[in-house]
Amino acid sequence: MSAASAGPELSPAFFARSVHEVARELIGYRLLFDRVGGTIVETESYERDDPACHAYVGLTKRTEVLFGPPGRAYVYLSYGIHSLLNFVCEPAGEAAAVLIRALEPTDGLGEMRARRGPKHADTELCNGPGKLTEALGITLAQNDTDLSRPPFEILPPPGEPPELVASRRIGITKATEKPWRFSAAANRFVSRPRP
DNA sequence: CCTGCGATTTGCT
DNA sequence: GCAAATCGCAGGC
């Protein structure tokens, strides 16, 4: 366990370490956006020297957020449709991020259904990186914004963090062998069953 | 239960 | 010009 959280507020220093460490520790934390959100149950880590990471190509207009200071949101458009939320990690000049892949909804289920559609079961509201941003109302407007300030709120687990499972990352074609997908064991809100 | 496909935009080659 | 860190729906078993 690391640390450092004196108050309920999560400081940028939390993100200024190994992206894989942060990705593991985030499981069990609560993520809220405008008071809507839930417990993080699935993450993936991407590092600079990683062919699957956007920063692999170096510094461009798109990746400058990744090369910037830790503790910011990196939001980009996937398949022209979905906004995917990442937390920028490691000191400025490095380039790494944690992709938030699934939440167990705890707050604002009504608003989530208003955005996602009324017929979704609880387990289908936030069980995917594109689904959770839609449920929370996160868009490209949040790219390069500060995670330690409203409307973002990231809170440590109230008790013991859940047991972790590491497996291969999903939906990528490069560096698929890396075990950098982390999820809460036996949790029904993950995006897909683990191997 | 599972597999296949279209949607729709951006960023880099 | 095309691949992409996805999703929902259709259709088959």
Side-chain angles (χ1 to χ4, degrees), chain A residues 15 18-24 26-27 31 33 37-38 40-68 70 72-90 94-105 111-145 147 164-184 188-195:
Chain A
F15 299 97
S18 158
V19 69
H20 310 298
E21 220 174 282
V22 177
R24 280 191 293 266
L26 279 172
I27 302 296
L31 167 66
F33 184 74
I40 299 172
V41 297
E42 182 179 346
T43 60
E44 281 178 1
S45 44
Y46 291 83
E47 63 174 30
R48 193 220 180 298
D49 294 320
D50 168 9
C53 182
H54 290 171
Y56 190 68
V57 300
L59 181 61
T60 67
K61 183 74 178 170
R62 180 206 217 182
T63 62
E64 64 186 10
V65 185
L66 289 170
F67 283 90
R72 305 246 185 126
Y74 169 52
V75 185
Y76 77 96
L77 202 58
S78 179
Y79 292 92
I81 298 177
H82 307 289
S83 300
L84 268 52
L85 172 66
N86 299 254
F87 296 169
V88 175
C89 292
E90 307 197 0
E94 298 295 318
V98 176
L99 170 68
I100 309 302
R101 284 197 57 93
L103 304 178
E104 176 171 342
E111 290 190 66
M112 292 185 189
R113 286 205 171 83
R115 298 190 183 108
R116 295 258 304 122
K119 298 188 275 198
H120 288 292
D122 289 5
T123 49
E124 310 224 329
L125 287 171
C126 296
N127 64 332
K131 297 179 187 179
L132 73 90
T133 54
E134 186 180 18
L136 272 58
I138 293 170
T139 69
L140 297 184
Q142 273 66 60
N143 188 40
D144 204 16
T145 61
L147 294 166
L164 287 194
V165 178
S167 52
R168 283 142 60 120
R169 294 176 294 181
I170 298 181
I172 56 174
T173 56
K174 293 171 250 180
T176 55
E177 75 286 354
K178 306 288 189 186
W180 291 340
R181 176 193 181 203
F182 307 100
S183 51
R188 341 195 307 284
F189 296 86
V190 299
S191 65
R192 285 203 237 161
R194 61 174 192 116

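All values below were derived from every heavy atom in this structure, side-chain atoms included, with hydrogens, water molecules and symmetry-related copies excluded. Reminder, nothing fancy here: chain letters follow the sequence lines and each chain counts from 1.
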Nearest to side-chain heavy atoms of A/Y46, which nucleotide of C/dG8, C/dA5, B/dC12: C/dA5

Residue A/Y74, side-chain heavy atoms: nucleotide from C/dA5, B/dA7, C/dT6 that is nearest: C/dA5

Integer-rounded Å distance: C/dC9 C1' and A/K119 NZ: 12 Å

Comparing A/T63 and A/G80 on DNA chain B - which has the more 5′ nearest nucleotide: A/G80

Of the listed nucleotides C/dA5, B/dA7, C/dG8, the one nearest the side chain of A/R116: C/dG8

Other residues, nucleotides, ligands: >12 heavy atoms within 6.0 Å of A/Y56 OH: no

Under 3.5 Å on both distances, the Watson-Crick or G-U partner of B/dT8: none

Nucleotide nearest A/K131 when distance is taken to its side chain, options B/dC12, C/dC7, C/dA5: C/dC7

A/H82 side-chain N/O to C/dA5 phosphate OP1/OP2 under 4.0 Å: no

Flag if over 12 foreign heavy atoms under 6.0 Å of CZ, A/R192: no

Whole-Å distance separating the CD1 atom of A/I81 from the C1' atom of B/dG6: 8 Å

Nearest-Å distance for atom pair CG/P, residues A/L77 and C/dA3: 18 Å

Touch class at under 4.0 angstrom, heavy-atom based, for A/K61 against every strand present: nothing

Whole angstrom value for the distance that separates P of C/dT6 from CG of A/L125: 19 Å

Which residue lies more 5' along DNA chain C, comparing A/H120 with A/T173 via nearest heavy atoms: A/T173

Separation of B/dT10 P from A/N143 CG (nearest whole Å): 13 Å

Phosphate OP1/OP2 of B/dG11 contacted by A/T60 side-chain N/O (<4.0 Å): no

Side-chain ion pair, A/E124 and A/K131, N-O less than 4.0 Å: no

Nearest-Å distance for atom pair NZ/C1', residues A/K178 and C/dA5: 16 Å

A/R115 bridged to A/E134 by N-O distance under 4.0 Å: no

A/Y79 over B/dA7, stacked by centroid distance under 5.5 Å, angle under 30°: no

Rounded distance (Å) that lies between atom P of B/dT9 and atom CG of A/L84: 16 Å

Check: A/T133 side chain, A/S83 main-chain N or O, donor-acceptor pair, under 3.5 Å: yes

For atom CD of A/E64 and atom P of B/dT10, their distance in whole Å: 16 Å

Touch class at under 4.0 angstrom, heavy-atom based, for A/R181 against every strand present: nothing

Pair A/R101-A/S191, side-chain donor/acceptor within less than 3.5 Å: yes

Who pairs with C/dA5 - Watson-Crick or G-U, where each distance is under 3.5 Å: none

Phosphate OP1/OP2 of C/dT6: any A/R101 side-chain N/O under 4.0 Å: yes

